[in-house]
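This is a predicted model, so every value here is computed, not measured. In each ligand, atom 1 is the first atom listed, and ligand 1 is the first ligand listed.
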Amino acid sequence: MTVAVTVRAALRASTDVDVNRMGVRALPGLPRIYVSAMTHMSIAKAASLLGIGKDAIVTIPVDQLFRMDVDALARQLADDRRAGHHQICVVASAGEVNTGAIDKFDRIADVCAAAGVWLHVDGSYGALAAQSPRINGAMSALHRADSLSLDPHKWLYAPLDVGCLLIKQDAALRRAFSEGAGYIDVVTDADMSDYAYWDHSPELSRRFRALKIWLLLKIHGARAIHDAIDSNIAVARHLAETIERSDDFELLAPVPLSIVCFRYTGGDDAFNKRLMVEVQRDGDSYLSNATINGQFALRACIVNYRTTNADVEQLVHTIRATASRLRSLA
Ligand SMILES: Cc1ncc(COP(=O)(O)O)c(C=O)c1O
C-alpha cells in the first residue's frame with residue numbers, strides 16, 4: 001500500500017493535469033516508472049492498481065553488485081524525454097528483496113534532480129539498517145529521496161502490519177487524496193483536528209497502527225533495535241563466510257545486509273528446489289528462494305533478533321543432512 005500511495009503522490013507531483021478527475025489517459029505522454037531489474041513486484045502491482053498500467057514500468061539493468069546502473073538510467077531518462085514520455089518516478093532500493101543490494105542514491109538523486117523526476121527509495125526491508133556501522137555509510141544519501149518506504153513489520157521486529165512512508169511533499173499527498181465532502185470538513189480548530197489523515201492517504205477510517213511502534217520504541221529503545229539489526233547483519237555475514245569456506249556450497253551474491261543467496265553445489269536447480277522444500281518441511285529453519293543470474297538460489301534472510309551464529313551453522317548442517325537423505329532416496 002505504501003508504494004501505491006507514493007506512486008500516486010509522485011504522479012500528482014509530476015503534472016498539472018487533474019488525473020484524479022480525468023485519469024492517466026489525459027497525460028500528455030505515455031507514463032513511465034523506472035525500476036531496476038531487482039526491484040520488488042509491489043511497484044508493478046501499484047502501477048496496475050492505479051490504472052497506470054504495468055507497461056509503464058521501465059527496467060534498468062544492474063551492475064555486478066545488483067545495483068541499478070546509474071549511467072543506463074540517465075540514458076533511458078534522456079531517451080524517454082525526447083520521445084515525449086511522461087516520467088512519474090524512479091524507484092531505487094535500500095536493500096532490494098533478492099540480495100539486499102543498496103543502490104547508489106547519491107548518483108541516482110543527481111540524475112533525478114537533473115531530469116526533474118521524483119526519486120522514491122524502497123527501503124521496506126533495508127532502510128532501518130541505515131545507521132549500522134557495518135554498511136559503511138552505504139545509505140548516507142537516503143535523505144535525498146523525495147520519498148522513502150520502510151516496513152517496521154520487517155526490520156523493526158514489529159508484528160504485521162505496519163508499513164511506513166516518509167514523504168517530503170505533503171502537498172503532493174493532498175493533491176492525490178483530498179476529496180472535499182461536507183461530512184468530513186474539519187470544523188473545529190482544536191489541535192487534534194489539524195492534520196486530517198484522510199486528506200493525505202487513501203484511507204478514511206484507519207487503525208492506530210503507530211501505537212505498537214511507539215510502544216516498541218518506548219519499551220526497548222532505539223539502541224536495542226540498532227544492536228539487533230547489527231547482530232543480524234553479523235550473523236548473515238557469518239553464514240556467508242561459512243558458505244564460502246565450504247566445498248559443497250556456493251555464494252551467489254554479495255551480502256550487504258542480512259540476505260544470503262547461495263546454492264548447494266552437489267545438485268542442480270531442481271535438486272536445490274527440493275532441498276528448500278524439505279528444509280521448510282523439516283521446520284528447523286526457514287529458507288526462501290530467489291533467482292540470481294538465472295540460477296535458483298536458496299535465500300536466508302536474517303530478520304529475527306534471536307537468530308545467532310549457532311542457528312545459521314545449524315542451517316548449514318540441516319541442508320547437508322537433507323541433501324544426503326534426498327540423494328540416498330534417488
Ligand atoms: C524490498 C521490498 N519492497 C517492498 C515489499 C513489500 O512490502 P509489504 O509486504 O509490506 O507490502 C517488500 C516485502 O517483501 C520488500 O522486501
Side-chain angles (χ1 to χ4, degrees), residues 1-10 33-50 52 54 57 59-60 62 65-68 88-105 108 118-130 132 135 138-139 142 145-167 201-203 206-207 209-210 212-213 216 229 232-233 236 252-261 276 280 286-292 297-304 307:
M1 177 62 92
T2 49
V3 167
V5 171
T6 317
V7 175
R8 188 77 199 165
I33 297 172
Y34 302 86
V35 303
S36 92
M38 306 304 272
T39 302
H40 196 270
M41 54 81 177
S42 50
I43 312 296
K45 253 194 183 180
S48 124
L49 183 73
L50 296 170
I52 294 170
K54 287 195 283 188
I57 306 266
T59 304
I60 308 295
V62 291
L65 301 181
F66 304 103
R67 300 172 305 182
M68 186 184 279
I88 298 175
C89 60
V90 171
V91 181
S93 299
E96 58 80 12
V97 62
N98 300 279
T99 70
I102 302 166
D103 282 330
K104 292 171 275 181
F105 311 126
I108 296 177
W118 181 294
L119 170 60
H120 175 66
V121 174
D122 179 359
S124 303
Y125 151 63
L128 283 153
S132 171
I135 68 163
M139 297 193 208
L142 265 185
D146 293 288
S147 53
L148 167 69
S149 46
L150 48 99
D151 267 357
H153 65 222
K154 293 196 173 74
W155 227 349
L156 205 64
Y157 311 103
L160 285 169
D161 69 337
V162 53
C164 173
L165 176 64
L166 306 180
I167 192 159
S201 86
E203 291 174 295
R206 56 201 293 277
R207 299 203 283 132
R209 295 185 178 91
K212 59 189 172 193
I213 303 308
L216 188 146
I229 290 175
N232 286 162
I233 298 174
L252 293 180
V255 181
L257 291 173
S258 71
I259 297 175
V260 186
C261 285
M276 181 190 74
Q280 286 173 351
Y286 186 86
L287 277 177
S288 59
N289 55 294
T291 304
I292 307 294
L298 302 170
R299 175 182 174 277
C301 182
I302 321 289
V303 281
N304 187 312
T307 305

Considering only the protein, which heavy-atom contact is closest to [atom], and what is its distance?
| atom | result |
| --- | --- |
| atom 1 (C) of ligand 1 | D122 OD2, 3.6 Å |
| atom 13 (C) of ligand 1 | K154 NZ, 2.9 Å |
| atom 6 (C) of ligand 1 | H40 CE1, 3.5 Å |
| atom 11 (O) of ligand 1 | D151 OD2, 4.7 Å |

message: I need the single residue from I229, D151, V162, I213 that forms a side-chain contact (heavy atoms from CB on, under 4.5 Å) with L156. Which is it?
response: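 Exactly one option meets the side-chain contact (heavy atoms from CB on, under 4.5 Å) with L156, and it is I213.
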- prompt: Near K212 NZ, under 6.0 Å, is it more than 12 heavy atoms from other residues, nucleotides or ligands?
  reply: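 Enclosed: over 12 neighbouring heavy atoms sit under 6.0 Å from NZ of K212.
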Below 4.0 angstrom from a heavy atom of [X], which ligand 1 atoms are there? Numbered from 1 as shown, please.
| X | answer |
| --- | --- |
| H153 | 10 (O) |
| S42 | 4 (C) |
| G95 | 1 (C) |

message: With rounding to the nearest 0.5 angstrom, report the CD1 to CG distance, I43 to D122.
response: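 Atom-to-atom, I43:CD1 and D122:CG are 5.5 Å apart.
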- prompt: Just how far is it from atom CG of L150 to atom OG of S124, taken to the nearest 0.5 Å?
  reply: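 These two atoms lie 7.5 Å from each other.
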query: Quick one: does Y125 get an N or O within less than 3.5 Å of an N or O on ligand 1?
result: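 N/O-N/O distance below 3.5 Å does not exist for this pair.
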Ligand 1 contact by S93, heavy-atom criterion under 4.0 angstrom: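 Judged by the 4.0 Å heavy-atom criterion, S93 does not count as contacting ligand 1.
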- prompt: Would Y286 and N304 count as having a side-chain donor-acceptor pair, cut-off 3.5 Å?
  reply: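 Their side chains do not contain a donor-acceptor pair, so the 3.5 Å distance test is not met.
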- prompt: For atom 3 (N) of ligand 1, is the nearest protein heavy atom closer than 4.0 Å?
  reply: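 Yes, there is one.
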- request: Compare all side-chain heavy atoms of T2 with those of H120 and state whether any distance is below 4.5 angstrom.
  value: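 No - every pair of side-chain heavy atoms lies 4.5 Å or more apart.
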message: If you compare all heavy atoms of E96 against all heavy atoms of I259, which two are closest, and at what distance to 0.1 Å?
response: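 Shortest heavy-atom contact: O-CD1, 3.8 Å.
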